[in-house]
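Here's the structure, in structure tokens; my notes come after.
Below, each value reflects all heavy atoms present in this structure, side chains not excepted, and no hydrogens, waters or symmetry copies. If you read the sequence from its start, that first residue is 1, and numbering goes on from there.
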Amino acid sequence: MSAISAQQGVAREPAKRRRSGTLPLIAPSVGVLLLWMIVPLAMTIWFSFQRYNLLNPMVTGFAGLENYEFLVTDPDFWASLVNTLVLVGSVLAITVVLGTLLAVLFDQNFPGRGVARLLAIAPFFVMPTVSALIWKNLMMHPIYGVLAALWRGVGLTPVDWFAQFPMLSIIVIVSWQWLPFALLILLTAIQSLDHEQKEAARMDGAGPVAQFLYITLPHLGRAISVVIMIETIFLLTVFAEIFVTTSGGPGNATTNLAFLIYARALLQFDVGGGSAGGMVAILLANVVAFFLVRSIARRLEI
């Protein structure tokens with residue numbers, strides 16, 4: 001026993017020396033990273049409890065929970081929260097369903113598959129502002145847009161998408177951006193599927209639908225969880241598409257939580273109220289991330 005303890009002690013000493021040797025090297029980068037995260041968070045928390053309006057700098061002091069009380073009693077806050085959930089849920093449903101179907105399609109052999117994959121993934125590399133401008137001025141414009149030309153071509157009246165269907169328009173734009181990401185992750189997962197398993201199922205008489213439901217779809221479970229987690233975190237902060245196309249309107253029809261914080265802080269100049277909204281958004285994002293990470297961890301243990 002004494003010999004084993006001695007060997008374990010000898011094995012631990014190099015590990016301690018390695019840790020002590022690398023600590024001075026990583027300390028500066030870790031310190032910068034902590035400051036980069038903690039300082040803005042601390043300032044947001046501080047301002048959320050202060051009376052701070054850029055149009056009236058004379059009104060200052062500790063506000064307590066006044067900013068939070070005004071936020072939760074504001075009808076625009078609850079409307080923006082509902083819009084955020086609708087936007088996130090709709091985009092997730094569209095990207096996961098279409099991403100899965102397209103991943104199955106692009107896993108097949110057909111002429112021009114490489115070019116088709118490249119074109120399908122390309123929208124993910126377009127900046128959100130550029131994407132919103134393309135859809136606003138090129139696709140959905142009620143006079144000069146491609147969709148308006150198609151409508152007139154079949155004898156129908158063109159639709160003013162951002163006035164008549166504002167939230168649907170935002171969902172389409174954001175889904176177009178994030179569908180390639182879901183496709184890329186799910187296609188990679190499908191390509192890791194054992195083809196011998198599919199061949200065995202085919203020989204047992206399973207058709208394409210049965211193979212998809214009982215082999216491909218269960219295999220994609222973890223990849224779908226990863227797509228949902230990553231997309232949800234980013235979709236909670238959608239801003240550029242709304243700012244460029246509808247500016248939160250008509251009324252508050254497309255105002256999500258991120259745009260409400262922007263409007264409160266930089267349009268109404270209420271830094272305290274905007275900071276309170278920012279804290280609510282941080283809390284919401286962390287709660288969602290916590291449950292999603294736990295869900296993925298459980299899937300990885302299976």
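- With hydrophobic clusters built from ILVMFWY side chains whose heavy atoms lie under 4.5 angstrom apart, Val174 shares a cluster with Phe243.
- The line from CD1 of Ile215 to CG of Leu220 is 12.0 Å long, rounded to the nearest 0.5 Å.
- The structure places CH2 of Trp135 at 7.5 Å from CD1 of Ile173, a figure rounded to the nearest 0.5 Å.
- Looking only at distances, no side-chain donor or acceptor of Asp74 sits under 3.5 Å from a matching main-chain atom of Phe70.
- With contacts defined as side-chain heavy-atom distances shorter than 4.5 Å, the pair Trp178/Pro123 does not qualify.
- At most 12 non-hydrogen atoms from other residues, nucleotides or ligands lie less than 6.0 angstrom from OH of Tyr144.
- Contact of the Ser192 side chain with the His219 side chain is registered, since non-hydrogen atoms from C-beta on lie closer than 4.5 Å.
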Legend entry - Criterion side chain to side chain contact (heavy atoms under 4.5 Å, CB included) on Met279 and Thr44, from CA distance to verdict: CA-CA 7 Å; Met279 292 306 304; Thr44 303; 3.7 Å; yes

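- Here the straight-line distance linking atom CG of Asn286 with atom CD1 of Ile233 works out to 9.0 Å at 0.5 Å rounding.
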Inset, instruction - Assess whether side chain to side chain contact (heavy atoms under 4.5 Å, CB included) is satisfied between Leu236 and Thr84, documenting all intermediate values. - result: CA-CA 7 Å; Leu236 287 172; Thr84 301; 3.8 Å; yes

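- With hydrophobic clusters built from ILVMFWY side chains whose heavy atoms lie under 4.5 angstrom apart, Val39 does not share a cluster with Trp36.
- Tracing side-chain contacts under 4.5 Å through hydrophobic residues (I, L, V, M, F, W, Y), one never reaches Val287 starting from Val280; they form parts of separate clusters.
- Under the side chain to side chain contact (heavy atoms under 4.5 Å, CB included) test applied with Ile224, the options Ile185, Leu186, Leu92 reduce to a single match, Leu186.
- Between Leu87 atom CG and Ser80 atom OG the span is 12.0 Å, to the nearest 0.5 Å.
- Distance CH2/Trp46 to OG/Ser275: 12.0 Å, rounded to 0.5 Å.
- Hydrophobic clustering, with ILVMFWY side chains joined whenever heavy atoms are under 4.5 angstrom apart, keeps Tyr68 apart from Leu284.
- Phe181 CZ: more than 12 foreign heavy atoms inside a 6.0 Å radius.
- You'll find the side chain of Gln50 reaches within 4.5 Å of the side chain of Phe62, heavy atoms only.
- Ser48 approaches Asn67 most closely through the heavy-atom pair O-ND2, 2.9 Å.
- Note that NZ of Lys136 is 13.0 Å distant from CD of Glu241, once rounded to the nearest 0.5 Å.
- For Asp76 and Arg264, the salt-bridge test fails: no basic side-chain N is under 4.0 Å from an acidic carboxylate O.
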Inset, instruction - Apply side chain to side chain contact (heavy atoms under 4.5 Å, CB included) to Leu260 and Phe77, showing your working. - result: CA-CA 7 Å; Leu260 178 70; Phe77 168 74; 4.1 Å; yes

Inset, instruction - Please report the C-alpha distance between Leu183 and Phe124 in whole Å, then the side-chain angles of each, then the deciding distance to 0.1 Å, and finally whether the side chain to side chain contact (heavy atoms under 4.5 Å, CB included) criterion is met. - result: CA-CA 10 Å; Leu183 169 61; Phe124 185 65; over 6 Å; no

List the atom pairs, with distances to 0.1 Å, where a side-chain N or O of residues 158-170 and a protein N or O form a donor-acceptor pair under 3.5 Å, not counting sequence neighbours.
from	atom 1	to	atom 2	distance (Å)
Gln164	OE1	Asp160	N	3.0
Ser169	OG	Trp161	O	3.2
Ser169	OG	Phe165	O	2.7

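- Ring geometry for Phe47 versus Tyr52: interplanar angle of 30 to 60°, hence tilted.
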